[in-house]
Amino acid sequence: MTPFFVGWNPRSILPMSGFLGAICGLILVLFGGLALALGTTVNDPGGGNYAGDRDIVGTVVAEPYPFLVLDPDAAHPNGHAILLSGGGKRGVQEQAAALNGRRARATGAAFKRGNIDTMVGVGLEAVEGPAPAPAATPLGTWRLTGEICDGKCVSGVMRPGAGLAHKACANICIAGGVPPVFVATAPVEGSAFLLMADRNGHALPDTFRDHTGGLRRMDGVVDRVADMLIFRTDVAMAVAP
Amino acid sequence: MSARYVPVSWNTSKLVYDALLLAAIGLYIGVYLWVAPSFQHATLPLDEYSARMAAFGTCAFFLLTLILCIGPAARLDRRFLPLLYNRRHFGVLTCAVALTHANAAFEWYFSYSPLDPYVALLAGNTSFRQLSGFPFEAFGIFGLGILLLLAATSHDFWLAFLTPRLWKALHMGLYAGYTAVVLHVALGALQTAHNPLLAVVMTLSVVLVASLHVAASRKSALPAEPEDGWIPAGPWDSIPDGRAIVVPIADAEPVAIFRYEGRLSAVTHVCAHQNGPLGEGSVVLGCITCPWHGFQYRLEDGCAPPPYTEKLATYRLKLADGMVLLDPRPNPPGTYVEPLRVA
Amino acid sequence: MAATIVHAAMFYGAVGMGVAVLFLLWGIDRIDPTAPGAYAFRPLLIPGLVLLWPFVLLRWAVLEFRH
Ligand code: FES
């Protein structure tokens, strides 16, 4: 008679215990192997990372999204721009609007990826002193291909902080006021990261949501403000390349 | 077998089963989170939450695949039956692994915003009209909902309360859940995966599940035409001693015809416990024994031996030229039928 | 829309919690002959009761009539 297992009789498992042992061994080996194979081939999240807590002083720019321009130095003859966002998936629009064009101190945690600098969990307070308007240079019309990301996650707060699996998070961040960053597939004038704005240089309209996370091609105008590129575009016209 | 809330109580095989399950899960998660990163070629490792999402998510998928393979594998080869025996714990553990994945995603992607996190979960991505960029979270939520529902109704109370027929139908929902999980991964993680490995492994898993089911369903033949109301069930000596053949009946439950000590008895193929395939069971200690959880029934009247109270429908049999003929009309459960003497 | 769904789900869950308490403290003993005296398994039923409470009420009513 062929062996037959009955749950309430543990001894009935004996005739097939060899077979089952082999199956269980196989499953364990398979699980370990799969975990190793899949765990070693995850996407490279890029090099964005925490760069220490910082306390900096510069000129506040509130539009299209808040950033701070540090005073010019040898490395940044036009001043250095740092994107600002608040705690969690929030922006610092209110604080920045109150201090727009004025000198202020920003404290928070810095994240850096390539030539994009961001600060999160930012607190702003006015300080006395000159607040020179940052130099702005128009760079003309461009057709760019890349991904709309939130400037905070993509600069290393999340690794990975881009891609379609991260799309909902990017939407929530940008809608919450975190500066959106266009990550171009090819660098524009030396930078692959561009702060985004609508045609008129204001915050993006809500239609951005359908275009985050995936590759898009869009036309727009690029300006350099201090050392940061700003990409002004009609996000509703974005197309999948 | 109906001291109802302890019919399948703890014993050594269950403990071993659970220990093995936990070992497999622990091994997978441990290797993924703590061994694999040192072999990665990445600028920086994944952040802690993203790594947890990936590890627990893929683990839950493989566990689900295994669960769905056990059923047909046990029909094809009875040596797999012990794996089927404790599938409920398997299911509940899988649900826990899936929940850990969902919780990591929920905390990382949907919390800390000006929105209520549950509102954020539903409103974060609304690009329902795109394929690439589709809110794959919806499929994940649906799949997790099914796993939760099945885990929540896995206690034997539910079997009695919902009736076995409904309970079984509900638990068939696992197939819908698996489909949703496949879509969740295909429209989510696979959209941006640079390495094709995950796509390959997922495809192989789905193919394995599908082909095992097709192979197992081939085993059940088409119903034969009745002659004067009696269905020919084949020569009696084709039934192995102590075992049964299963006779499909058009528009009704299949019938299992058992041979034991030179006599034949016919009962429904559907176990009164959880609709297990009785005809794939054996006669143990003189009783028909279900392959799933070992419920037992007497051959002559389909009744579980006292103190248990389950009853099966019985059927009439007759012999003509060595052929077994079956009357497909079931007797009321528990009806005595004199076993047919054949040798 | 999303907020409405979340509120509806919370309402459903809250009612389910109420039904679960009522059922476990009172109903189950009336309709399930094997339940009286057995308590340890009852908390295990809560998630299912919360998820399926409309159906539980229906089944409860049916079984109540049968007794
Ligand atoms: S013993 Fe559980 S289904 Fe037959």
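All figures in this text were calculated on a predicted structure; none of them were measured in a lab. Labels below follow one simple rule: chain letters A, B, ... track the order of the sequence lines, proteins then strands, and each chain is numbered from 1.
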(request) Take A:Ile23 and B:Phe80 through the side-chain contact (heavy atoms from CB on, under 4.5 Å) test and state the conclusion after the steps. (result) CA-CA 9 Å; A:Ile23 292 287; B:Phe80 282 106; 3.7 Å; yes
(message) Quick check for you: among A:Gly161, A:Gly48, A:Gly39, A:Gly33, which has the greatest number of heavy-atom pairs under 4.5 Å with chain B?
(response) A:Gly39
(request) Give, as side chain, backbone, both or neither, the part of B:Glu137 having an atom under 4.5 angstrom from any heavy atom of chain A. (result) side chain
(request) Considering only heavy atoms and a distance below 4.5 Å, find which of B:Leu46, B:Ile25, B:Ile29 pairs most often with chain A. (result) B:Leu46
(request) Return yes when atom CD of A:Glu125 has more than 12 non-hydrogen atoms of other residues, nucleotides or ligands closer than 6.0 Å, and no otherwise. (result) yes
(request) Examine whether an atom of A:Phe31 lies under 4.5 Å from a heavy atom of chain B, and if so say whether it belongs to the side chain, the backbone or both; otherwise answer neither. (result) both
(message) I'd like to verify something: which residue of B:Gln130, B:Arg129, B:Met53, B:Gln191 has the highest number of heavy-atom pairs under 4.5 Å with chain A?
(response) B:Gln130
(message) Only heavy atoms, only distances under 4.5 angstrom. Which residues in residues 111-118 of chain B are near chain A?
(response) B:Ser111, B:Tyr112, B:Ser113, B:Pro114
(request) Take B:Phe39 and A:Leu36 through the side-chain contact (heavy atoms from CB on, under 4.5 Å) test and state the conclusion after the steps. (result) CA-CA 9 Å; B:Phe39 298 99; A:Leu36 189 66; 4.2 Å; yes
(message) Walk me through whether B:Tyr32 and A:Val42 qualify under side-chain contact (heavy atoms from CB on, under 4.5 Å).
(response) CA-CA 10 Å; B:Tyr32 201 114; A:Val42 293; 3.6 Å; yes
(message) If I compare all heavy atoms of B:Gly124 with all of A:Asn171, which pair ends up nearest, and what's the gap?
(response) O-ND2, 2.8 Å
(request) Output the distance between atom NE2 (A:His166) and atom CG (B:Asn125), rounded to the nearest 0.5 Å. (result) 12.0 Å
(request) Calculate, to the nearest 0.5 Å, the distance between atoms OG1 and CG belonging to B:Thr58 and A:Leu34 respectively. (result) 8.5 Å
(request) Please name the pair of heavy atoms, one in B:Pro45 and one in A:Pro45, separated by the smallest distance, quoted to 0.1 Å. (result) O-CG, 4.0 Å
(message) For the interface with chain B, which of A:Arg90, A:Lys89, A:Arg209 has the highest count of heavy-atom pairs at distances below 4.5 Å?
(response) A:Lys89
(request) Could you tell me the separation between the CZ atom of B:Phe128 and the CG atom of A:Asp210, rounded to the nearest 0.5 Å? (result) 11.0 Å
(request) Against chain A, label B:Ala54 side chain, backbone, both or neither, depending on which of its atoms sit under 4.5 Å from a heavy atom there. (result) neither
(request) Counting only heavy atoms closer than 4.5 Å, note whether B:Ala51 contacts chain A via side chain, backbone, both or neither. (result) neither
(request) Could you tell me which portion of B:Phe136 (side chain, backbone, both or neither) has an atom closer than 4.5 angstrom to a non-hydrogen atom of chain A? (result) side chain
(request) Could you tell me which portion of A:Leu38 (side chain, backbone, both or neither) has an atom closer than 4.5 angstrom to a non-hydrogen atom of chain B? (result) both
(message) Working to the nearest 0.5 angstrom, can you tell me the gap between A:Leu28 CG and B:Tyr28 OH?
(response) 14.0 Å
(message) Can you tell me which portion of B:Leu33 sits under 4.5 Å from chain A's heavy atoms? Options are side chain, backbone, both or neither.
(response) neither
(message) Listing request: all side chain to side chain donor-acceptor pair (under 3.5 Å) pairs with a residue in residues 38-50 of chain A, at least two apart in sequence or in separate chains.
(response) A:Asp44-B:Thr43, A:Asn49-A:Arg159, A:Tyr50-A:Asp53
(request) Hey, could you give me the OG/CG distance between B:Ser132 and A:Leu215, rounded to the nearest 0.5 Å? (result) 9.0 Å
(message) Test side-chain contact (heavy atoms from CB on, under 4.5 Å) on B:Tyr49 and A:Met158; report intermediate values, then the result.
(response) CA-CA 9 Å; B:Tyr49 282 88; A:Met158 288 188 184; over 6 Å; no
(request) Would you mind telling me which of B:Leu81, B:Leu190, B:Leu197, B:Leu20 has the largest number of heavy-atom pairs within less than 4.5 Å of chain A? (result) B:Leu197
(request) Give the minimum heavy-atom separation between A:Val157 and B:Trp108, together with the two atoms involved. (result) O-CZ2, 3.7 Å
(message) I'd like to verify something: which residue of A:Cys153, A:Ala165, A:Ala35, A:Cys169 has the highest number of heavy-atom pairs under 4.5 Å with chain B?
(response) A:Ala35
(message) Under a 4.5 Å cutoff for heavy-atom pairs, which residue among B:Ala105, B:Cys59, B:Gly188, B:Ala24 has the most contacts with chain A?
(response) B:Ala24
(message) Just so I understand: if I count every heavy-atom pair under 4.5 Å between each of B:Pro135, B:Ala36, B:Gly281 and chain A, which residue has the most?
(response) B:Ala36
